[in-house]
Number of protein chains: 2
Amino acid sequence: MAEPTRPMRRQEIRRENEKTILVAAEKVFAEAGFGGATMQLIADLAGLPKANLHYYFATKEELYRSVVQNIFEIWLQAANCFDAARGPIDGISAYIDAKMEISRRHPDGSKVWASEVMHGAPVLQDYMESTLREWTDGRVEIIRRWIEEAKMDPVDPRHLLYMLWATTQHYADFGHQIETLNGGKPLSDRQWREAKENIKRVILTGIGALPA
Amino acid sequence: MAEPTRPMRRQEIRRENEKTILVAAEKVFAEAGFGGATMQLIADLAGLPKANLHYYFATKEELYRSVVQNIFEIWLQAANCFDAARGPIDGISAYIDAKMEISRRHPDGSKVWASEVMHGAPVLQDYMESTLREWTDGRVEIIRRWIEEAKMDPVDPRHLLYMLWATTQHYADFGHQIETLNGGKPLSDRQWREAKENIKRVILTGIGALPA
DNA sequence: TTACAGCTTGACCGTATGGTCAGCTTTTAA
DNA sequence: TTAAAAGCTGACCATACGGTCAAGCTGTAA
């Protein structure tokens, strides 16, 4: 755009094209599902010939796997909020904020992830049985400690985690439904803030971390 | 099975075949998504020739629409729990029970519904803009009254509803993830009961309907 | 018994899709 | 300057899919 056809570095070309393709793919996979997505659709959205996609990603499955792994990384990063926290108020608040931000900024990625899990996690089974399980076990331990230290009521840590996942993820996966019920308009900044505050208040109060 | 080829009534034939096809279709759509599902797969699972499916359901879209409408009916029925209730404890408890029962008994239907909404509700848009909106507005009004009557804290009714939907639906849509984290085994009767109780306690306490 | 309507199905068709490839252009490094 | 490596792409292919249809079968009602 700026410079008239400055020669691109190999590295740049690769990085840029892979990025372009991944962004397009994420959107198409989110909108149509794996089965409904076509390489042609992704290529059109990326503004590249279909054969070019196959140069960077040998198969549709490989491209899909890349998209799913990408969002999984983001998802795991949000996990860190949990660690440094001194108690449930800090930790869970930060986690809800982080997950809601993901739902807002990466709704397509969230949908792809949800779709993947819903269909039995054909490509992510390994991750789920290793990384995800470890992560979950770690947080369960943290929550258990909070309960021992009387920082919250004795709530089953796993079901609490599911509740956090479900509630935050819902704003991405069911965003269309929420939008429809919101008069066809996306949630405003204010509404997102209210959503976060409601979730935090109900859950933190519900587990006895905040005074009722 | 019982009688050796007793001649079937026309009505019976139709009802039975439609039922068989719908059951098979629900499963295949849930597992593969609309795009990934094939009429052949559904036919095989139903134990009928593919051409026979097209006799009862002209197109894949029509079959899909029937499946989605079916689950939507069930979904709406659970709504009634809300109505007769005298307060949030009764109403929300019953609703959580009903929705969790749906997640347990109709996980495939739940997934199809989730998938449909995630992909922008191409066939259900009308329902969402009429039936679902009316239903939602009605419950919002009920919750608002409960708040006025000081039966619960002033929580935003919409975000509370989303929380109920999300949390209960999660056990169907992300059932595979939950199962994986449960050591590869489905939740037991006891675990389902614990799930329900945890959700109820956290939410009802969180909205100030139960004493902390 | 018969004639008709509804049900069944193997064979078939057009199309769209994932994937391939040969030949071209551009970058790179010596 | 040059030759190899990397990137690009139009044309092509085999397959699988949704859908059709004509011919046969079966329940129904007179």
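Everything numeric in this text was worked out from a predicted model, so none of it was measured. A, B, ... follow the sequence lines: proteins, then strands. Residue 1 opens every chain. Below, all heavy atoms of this structure are taken into account, side chains as well, without hydrogens, waters or symmetry copies.
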| message | Tell me whether the side-chain N or O atoms of B:Lys60 pair up with the base of D:dG19 as donor and acceptor below 3.5 Å, since no angle test is needed here. | response | no
| message | Please determine whether any donor N or O and acceptor N or O are separated by less than 3.5 Å between the side chain of A:Arg10 and the base of C:dT28. | response | no
Is any side-chain N or O of [X] closer than 4.0 Å to OP1 or OP2 of [N]?
{"X": "A:Tyr55", "N": "C:dC21", "value": "no"}
{"X": "A:Arg14", "N": "D:dG7", "value": "yes"}
{"X": "A:Asn17", "N": "D:dC8", "value": "yes"}

| query | Starting at the 5' end of DNA chain C and moving along, which residue's nearest nucleotide shows up first, A:Thr38 or A:Ala51? | reply | A:Thr38
Please give, in whole Å, the distance from [N] [atom2] to [X] [atom1]?
{"X": "A:Ile13", "N": "D:dA5", "atom1": "CD1", "atom2": "C1'", "result": "12 Å"}
{"X": "A:Phe57", "N": "D:dC8", "atom1": "CZ", "atom2": "P", "result": "12 Å"}
{"X": "A:Glu12", "N": "D:dA6", "atom1": "CD", "atom2": "C1'", "result": "15 Å"}
{"X": "B:Gln40", "N": "C:dT9", "atom1": "CD", "atom2": "C1'", "result": "12 Å"}
{"X": "B:Gln11", "N": "C:dA5", "atom1": "CD", "atom2": "C1'", "result": "16 Å"}
{"X": "A:Tyr56", "N": "C:dT20", "atom1": "OH", "atom2": "P", "result": "17 Å"}
{"X": "A:His54", "N": "D:dG7", "atom1": "NE2", "atom2": "C1'", "result": "16 Å"}
{"X": "A:Lys50", "N": "C:dT20", "atom1": "NZ", "atom2": "C1'", "result": "10 Å"}

| Test salt bridge (charged side-chain N to carboxylate O under 4.0 Å, His left out) applied to B:Arg14 and B:Glu18, step by step | CA-CA 6 Å; B:Arg14 185 160 265 276; B:Glu18 283 181 350; 3.1 Å; yes
| said: Of the listed nucleotides (C:dG19, C:dT17, D:dG18), which one gets closest to any side-chain atom of A:Glu61? | reply: C:dG19
| remark: Closest to the side chain of A:Asn52, out of C:dG19, C:dG10, D:dT9, is D:dT9
| query | With distance as the sole criterion, is a donor-acceptor pair present between the side chains of A:Asn198 and A:Glu194 under 3.5 Å? | reply | no
| task | Check whether any side-chain N or O of B:Ser110 sits under 3.5 Å from a backbone N or O of B:Ser103 as a donor-acceptor pair, and report yes or no. | result |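 Checking the backbone N and O of B:Ser103 against the side chain of B:Ser110, no donor-acceptor pair under 3.5 Å is found.
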| query | Does the side chain to side chain donor-acceptor pair (under 3.5 Å) test come out yes or no for A:Asn70 and A:Glu26, once each step is laid out? | reply | CA-CA 10 Å; A:Asn70 264 10; A:Glu26 182 176 279; 5.8 Å; no
| said: Looking at B:Lys27, I want to see if its NZ is surrounded by more than 12 non-hydrogen atoms of other residues, nucleotides or ligands under 6.0 Å. | reply: no
| request: Just call it for B:Ala43: base, sugar-phosphate, or nothing, with non-hydrogen atoms closer than 4.0 Å on any strand. | output: nothing
